[in-house]
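I have placed the structure first, in the form of structure tokens, so that the comments after it can refer back to it.
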Number of protein chains: 2
Amino acid sequence: MRIGELAAQAGLSKDTIRFYEKIGLVTGRRLPNGYRDFSPETVTWLHYVRTAQTLGFSLAEIGRNFEELRDAPDSAEALSGLFEEKIRVIDARMAELAALRADLDARVGTGCPLRVS
Amino acid sequence: MRIGELAAQAGLSKDTIRFYEKIGLVTGRRLPNGYRDFSPETVTWLHYVRTAQTLGFSLAEIGRNFEELRDAPDSAEALSGLFEEKIRVIDARMAELAALRADLDARVGTGCPLRVS
DNA sequence: CTAAACAGTGGAGTACGCTCCAAGGTCAAG
DNA sequence: CTTGACCTTGGAGCGTACTCCACTGTTTAG
């Protein structure tokens with residue numbers, strides 16, 4: 001798969017993918033003509049990158065996951081582990097949101113002390 | 001309260017607070033000697049800023065809330081409205097996270113296709 | 001009176017995550 | 001053989017959110 005198709009399928013720009021390659025977030029083979037050639041799994045990987053990113057992980061952190069994954073003896077197992085870890089993060093994030101929601105909820109209509117200056 | 005104390009209580013650096021003032025995220029009176037003088041409520045406000053930020057709101061968005069709040073005829077009512085709106089945003093974000101979680105959950109242990117090459 | 005601890009300003013620099021060129025090579029269709 | 005869609009590279013630029021610096025002024029304690 002060349003970069004344009006990958007970009008379309010992953011919902012990213014080509015420039016973004018080239019940028020990700022530069023920082024080691026994706027790797028691609030090259031065709032004889034120099035064009036990048038990505039495996040279909042890269043689409044899944046990029047979706048995961050997006051997910052992790054919205055969860056607050058930096059590209060550097062995600063890149064470290066990528067390396068761990070690549071070096072793992074069992075990649076399916078490693079991936080499951082990664083996902084489980086992300087799920088824990090999501091749960092924590094949701095708990096945070098719930099707490100904030102409760103806090104705001106309690107303040108609604110109370111003329112609470114956030115009067116500014 | 002001068003900037004140093006505010007910084008300590010809010011867990012931010014003085015530079016950050018001066019930066020926030022520059023972009024209109026906090027406002028302060030000035031003492032006769034030119035030093036900034038913040039009200040105690042600013043601490044609460046800054047905590048709110050921190051929270052909103054970790055939830056993914058940009059400083060610009062938070063700043064708009066701040067202005068709406070300041071310009072509102074009835075500040076208590078405006079604040080309630082703001083909180084209710086935030087709650088809706090939070091609910092939406094939680095639903096998003098729940099979907100993400102379900103997605104990851106479904107992949108765990110399936111030896112899903114994310115082999116990286 | 002002096003030293004230390006605070007405060008002020010303006011402006012430069014940094015890290016992150018893109019985004020947009022410009023100039024050029026590759027390739028299939030007509 | 002040209003046109004157009006695709007690809008390449010390097011490098012500049014941008015928005016966000018700080019962070020640091022140099023230099024200066026103010027206040028307080030000894």
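Chain identifiers are assigned alphabetically (A, B, ...) following the order of the sequence lines, protein sequences preceding nucleic acid strands; residue numbering begins at 1 within each chain. Small disclaimer: the values here were computed from a predicted structure and weren't measured.
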Of all residues at least two apart in sequence or in a different chain, which pass the side-chain hydrogen bond (donor to acceptor under 3.5 Å, both in side chains) check with A:Glu5?
A:Gln9

For A:Asp37, which residues count as a side-chain hydrogen bond (donor to acceptor under 3.5 Å, both in side chains) partner, sequence neighbours excluded?
none

Nucleotides bounding contact with chain A, strand DNA chain C, heavy-atom threshold 4.0 Å:
C:dG17 to C:dC27

At under 4.0 Å between heavy atoms, what does B:Leu31 touch on the DNA or RNA strands: base, sugar-phosphate, or nothing?
nothing

Sugar-phosphate, base or nothing in reach of A:Ser58, heavy atoms under 4.0 Å:
sugar-phosphate

Go through the structure and list residues passing salt bridge (Lys or Arg N to Asp or Glu O under 4.0 Å) with A:Glu21, not counting sequence neighbours.
A:Arg30, A:Arg36

Closest-nucleotide 5' rank along DNA chain C - winner of B:Arg2 and A:Gln53:
B:Arg2

Less than 4.0 Å between a side-chain N and a carboxylate O, is that true for A:Asp91 and A:Arg88?
no

Chain A on DNA chain D: first and last contacting nucleotide, 5' to 3', under 4.0 Å to a heavy atom?
D:dC6 to D:dT9

Rounded to the nearest 0.5 Å, what separates atom CZ in B:Arg18 from atom CD1 in B:Ile23?
14.5 Å

Out of curiosity, B:Leu25 CG to B:Arg64 CZ, how far, rounded to the nearest 0.5 Å?
11.5 Å

Positions of residues 14-23 of chain A (non-hydrogen atom under 4.0 Å from DNA chain C), listed by number
A:Asp15, A:Thr16, A:Phe19, A:Tyr20

Are the side chains of B:Thr42 and B:Met1 in touch, meaning some heavy atoms are under 4.5 Å apart?
no

From the options A:Phe19, A:Phe66, A:Tyr20, select the one residue that forms a side-chain contact (heavy atoms from CB on, under 4.5 Å) with A:Val26.
A:Tyr20

Hey, which sits more toward the 5' end of DNA chain D by its nearest nucleotide, B:Tyr35 or A:Arg30?
A:Arg30

Quick one: does any side-chain atom of B:Trp45 pair with a main-chain N or O of B:Pro40 as donor and acceptor, under 3.5 Å?
no

Measure across A:Thr51 and A:Thr54 and return the closest heavy-atom pair with its distance rounded to 0.1 Å.
O-OG1, 2.8 Å

